[in-house]
Number of protein chains: 2
Amino acid sequence: MKRIADSTVRRLSIYLRFLEGSSQRDLATVSSAELARHGGTTSAQVRKDLSFFGSFGKRGLGYSVPELTNSIRDILGLGREWNVIIVGAGKIGTALAQYHGFRPRGFHVVGVYDTDIGKVGTRWDGIVVRDFSLVTADLASRPVDIAVLAVPAEGAQEAANRLVDAGVKAILNFAPTQLQVPPDVAVRSVNMAMELEGLSYELSSRAR
Amino acid sequence: MKRIADSTVRRLSIYLRFLEGSSQRDLATVSSAELARHGGTTSAQVRKDLSFFGSFGKRGLGYSVPELTNSIRDILGLGREWNVIIVGAGKIGTALAQYHGFRPRGFHVVGVYDTDIGKVGTRWDGIVVRDFSLVTADLASRPVDIAVLAVPAEGAQEAANRLVDAGVKAILNFAPTQLQVPPDVAVRSVNMAMELEGLSYELSSRAR
DNA sequence: CCTACTTTGTGAATACTTTCACAAGCCCCG
DNA sequence: CGGGGCTTGTGAAAGTATTCACAAAGTAGG
Ligand SMILES: NC(=O)c1ccc[n+]([C@@H]2O[C@H](COP(=O)([O-])OP(=O)(O)OC[C@H]3O[C@@H](n4cnc5c(N)ncnc54)[C@H](O)[C@@H]3O)[C@@H](O)[C@H]2O)c1
Ligand SMILES: NC(=O)c1ccc[n+]([C@@H]2O[C@H](COP(=O)([O-])OP(=O)(O)OC[C@H]3O[C@@H](n4cnc5c(N)ncnc54)[C@H](O)[C@@H]3O)[C@@H](O)[C@H]2O)c1
């Protein structure tokens, strides 16, 4: 199967979010032009994105909202539950662990880890913070799909190494570090400082 | 001046972070190959990225770490202070307001706003949460460069509209919504659900 | 059933990004 | 001071992504 561009996968997420919103306002069908308008792209782009995976629309009509919703969920692998752990129970880790927006999309936080003995044992929303040194043993008995890494930059690579050794195959990294991992491990980074710097660049370059 | 690709600007941020780290370990110079290794790219890419803005290296030697650091800071517009406000004093907004990693890079949080009357008036780190309805008046007397939007998805577009009306020219959006703004306003989004879905896609497609 | 109208799906064309490959420039050492 | 060894800067080539444009397939209404 042909490799799909990252940009396409991101847009599928955007289309999905709009579809889930519009189905509540019970539209039966939606056109590529409408999807494009809300996704900030063009109708040709929408059709091309979907065409990589099959043919979901009806000519002259558009796409059935419930059918396309299911198809995109399927494509993205959202037809199942994913077990997620959060590593680092600091400000960001806490916010994520308490956030209720992930559960409905199938991401289930099954554990929170920290190295700070003062935080181990505290509990929010029924999840107890556990000592990070237990992670290898824990994952041996209960597999985990995705680890969210929310530790300071200095410790991020080392923590990632341990997660990879424990068998984690996907990491969402919040530390402002470029993680080095084996090619069979997927990494995505959320780097807020980089986004601010991007805005800084745009503001500066426009002024010129 | 030619339009610079987003991907190039992001990589400049990555190079900068590495340079700031390596200058502490006092290396005098760095080669494009070294920058590439830490930035997860190729040496040709590093040189091409920099070549859009000028010629910063010495053939046979590489780049002077302090000089290149300054040049990239300049390119990104980090040679000055940017005034930032945070809109939405919830879990994410609180974490951001208390985060000390932005100040050293020139991003200065000068205000936090919320609509919840129970939160208005509370104070962290010397910053008092103010009523969001005061934002227009506040910005008229004290200009703000960047607004960080950390409100629930339902209210995000409306809040963005008000910020744009108040003269904000750059928004960092944390709500999982595609904001519609005029073309002279820069928007970057941090969408954690989308990143998790990207990982979900990768895990699913690899299994095949 | 036929005609007018809409919207998809998709090759081909265009635009953009990355990689290649090498001349030119600079340092170091003898 | 000249030659060997590196490393940059950059056109040209290759590779990706987006946009164009239109035939094909459907709807709707009489
Ligand atoms: N807070 C923000 O708004 C913000 C913004 C941008 C980036 N970040 C980044 O996110 C990461 C976390 O930030 P934060 O503000 O939550 O930090 P924090 O200091 O509040 O929390 C970090 C937590 O990680 C724990 N920890 C340290 N090393 C660990 C390890 N090896 N294993 C497990 N836990 C470990 C610490 O005990 C602490 O509880 C940092 O890399 C930071 O740069 C945070
Ligand atoms: N917390 C997370 O881990 C997380 C993860 C991913 C995405 N997000 C997104 O980030 C955003 C904020 O999340 P949160 O968890 O901090 O939510 P939250 O509910 O903790 O906080 C939202 C805050 O915004 C305030 N608010 C609401 N409408 C407002 C308006 N018009 N103007 C100003 N303030 C307003 C509320 O009073 C509240 O204090 C949401 O869009 C959420 O989907 C959060």
Side-chain angles (χ1 to χ4, degrees), chain A residues 1-15 18-19 22 27-72 75 178 198 201-202 205, chain B residues 1-15 18-19 22 27-72 75 178 198 201-202 205:
Chain A
M1 195 190 180
K2 210 179 152 291
R3 165 132 196 95
I4 298 297
D6 227 61
S7 47
T8 292
V9 177
R10 298 186 118 79
R11 282 190 299 267
L12 290 178
S13 278
I14 294 174
Y15 306 152
F18 171 63
L19 286 168
S22 64
L27 289 166
T29 64
V30 68
S31 69
S32 57
E34 234 166 323
L35 282 164
R37 197 154 41 80
H38 288 87
T41 181
T42 63
S43 63
Q45 182 75 80
V46 171
R47 296 197 300 276
K48 181 68 82 179
D49 285 340
L50 294 172
S51 77
F52 293 130
F53 300 97
S55 157
F56 305 101
K58 276 205 174 46
R59 296 175 188 220
L61 236 198
Y63 301 88
S64 145
V65 170
E67 279 173 29
L68 185 59
T69 304
N70 283 336
S71 301
I72 295 183
I75 292 165
Q178 216 60 15
Y201 172 77
E202 283 208 47
S205 66
Chain B
M1 194 189 182
K2 211 182 151 294
R3 164 133 196 97
I4 299 298
D6 226 62
S7 48
T8 292
V9 177
R10 298 186 117 80
R11 282 191 299 267
L12 290 178
S13 278
I14 294 174
Y15 307 151
F18 171 63
L19 287 168
S22 67
L27 290 166
T29 63
V30 68
S31 68
S32 56
E34 232 166 324
L35 282 164
R37 196 154 41 80
H38 288 86
T41 180
T42 64
S43 63
Q45 181 75 79
V46 171
R47 297 198 298 278
K48 181 67 78 178
D49 285 340
L50 295 172
S51 77
F52 293 129
F53 300 97
S55 154
F56 305 102
K58 278 206 172 46
R59 296 171 187 225
L61 236 198
Y63 302 89
S64 147
V65 170
E67 279 173 29
L68 186 58
T69 304
N70 283 336
S71 301
I72 296 182
I75 292 166
Q178 219 59 18
Y201 172 78
E202 284 209 43
S205 67

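Computation of the quantities below employed the complete heavy-atom set of this structure, encompassing side-chain atoms and omitting hydrogens, waters and symmetry-equivalent molecules. Values in this document were obtained by computation on a predicted structure and should not be read as measured data. Naming convention: chains lettered A, B, ... in sequence-line order (proteins, then strands); numbering from 1 in each chain.
With rounding to the nearest 0.5 Å, the separation of OG1 in A:Thr8 from OH in B:Tyr201 is 8.5 Å. B:Ser205 contributes atom OG, which lies 7.0 Å from atom CZ of A:Arg3 (distance to the nearest 0.5 angstrom). Atoms CZ and OG, from A:Phe56 and A:Ser32 in turn, are 14.0 Å apart once rounded to the nearest 0.5 Å.
Residue contacts shown for B:Arg11 are limited to sugar-phosphate atoms, with no base heavy atom under 4.0 Å away. Here B:Thr8 lies out of heavy-atom contact (under 4.0 Å) with every strand. Residue contacts shown for A:Ser43 are absent, as no nucleic acid heavy atom lies under 4.0 Å away. Using a 4.0 Å heavy-atom cutoff across all strands shown, B:Ser32 reaches sugar-phosphate atoms only and no base atom.
Contacts of B:Thr41 classified as side chain to side chain contact (heavy atoms under 4.5 Å, CB included), with partners at least two apart in sequence or in another chain: B:Arg11, B:Tyr15, B:Ala36, B:Gln45, B:Val46.
In this entry the distance linking CZ of A:Phe56 with P of C:dT10 reads 11 Å, nearest Å. Separating the OH atom of A:Tyr15 from the C1' atom of C:dT8 is a distance of 14 Å, rounded to the nearest angstrom. Atom CZ of B:Arg37 is separated from atom P of D:dT7 by 12 Å (rounded to the nearest Å). With rounding to whole Å, A:Glu67 atom CD is found 14 Å from C:dT8 atom P. For A:Ile4 and D:dT16, the CD1 to P distance is 13 Å, given to the nearest whole Å. Rounded to a whole Å, the CZ atom of A:Arg10 is 13 Å from the P atom of D:dA17. Computed from coordinates, the A:Glu34 CD to C:dT6 P distance equals 15 Å when rounded to whole Å.
Of the residues in residues 44-53 of chain B, B:Ala44, B:Gln45, B:Arg47, B:Lys48 come within less than 4.0 Å of DNA chain C through at least one heavy atom, sorted by number.
At the phosphate of D:dG9, OP1 or OP2 sits under 4.0 Å from a side-chain N or O atom of B:Ser55. For A:Tyr63, no side-chain nitrogen or oxygen approaches OP1 or OP2 of C:dT6 to under 4.0 Å.
Smallest separation of non-hydrogen atoms from B:Leu19 and B:Ile72: CD1-CD1, 3.8 Å.
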Check the interface with nucleotides 24-30 of chain D: list each N/O to N/O pair with the protein under 3.5 Å, or write none.
residue	atom	partner	partner atom	Å
D:dA24	N3	A:Arg59	NH1	2.7

task = List the steps and the verdict of side chain to side chain contact (heavy atoms under 4.5 Å, CB included) for B:Ser13 and B:Arg10.
result = CA-CA 5 Å; B:Ser13 278; B:Arg10 298 186 117 80; 5.7 Å; no

ask   = Please walk me through it: do B:Val9 and B:Ile4 pass side chain to side chain contact (heavy atoms under 4.5 Å, CB included)?
value = CA-CA 7 Å; B:Val9 177; B:Ile4 299 298; 4.0 Å; yes

request  = Check the pair A:Leu68, A:Leu35 against side chain to side chain contact (heavy atoms under 4.5 Å, CB included), reporting the backbone distance first and the verdict last.
outcome  = CA-CA 11 Å; A:Leu68 185 59; A:Leu35 282 164; 3.9 Å; yes

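The aromatic rings of B:His38 and B:Phe18 sit parallel, their planes meeting at an angle under 30°, below the 60° perpendicular limit.
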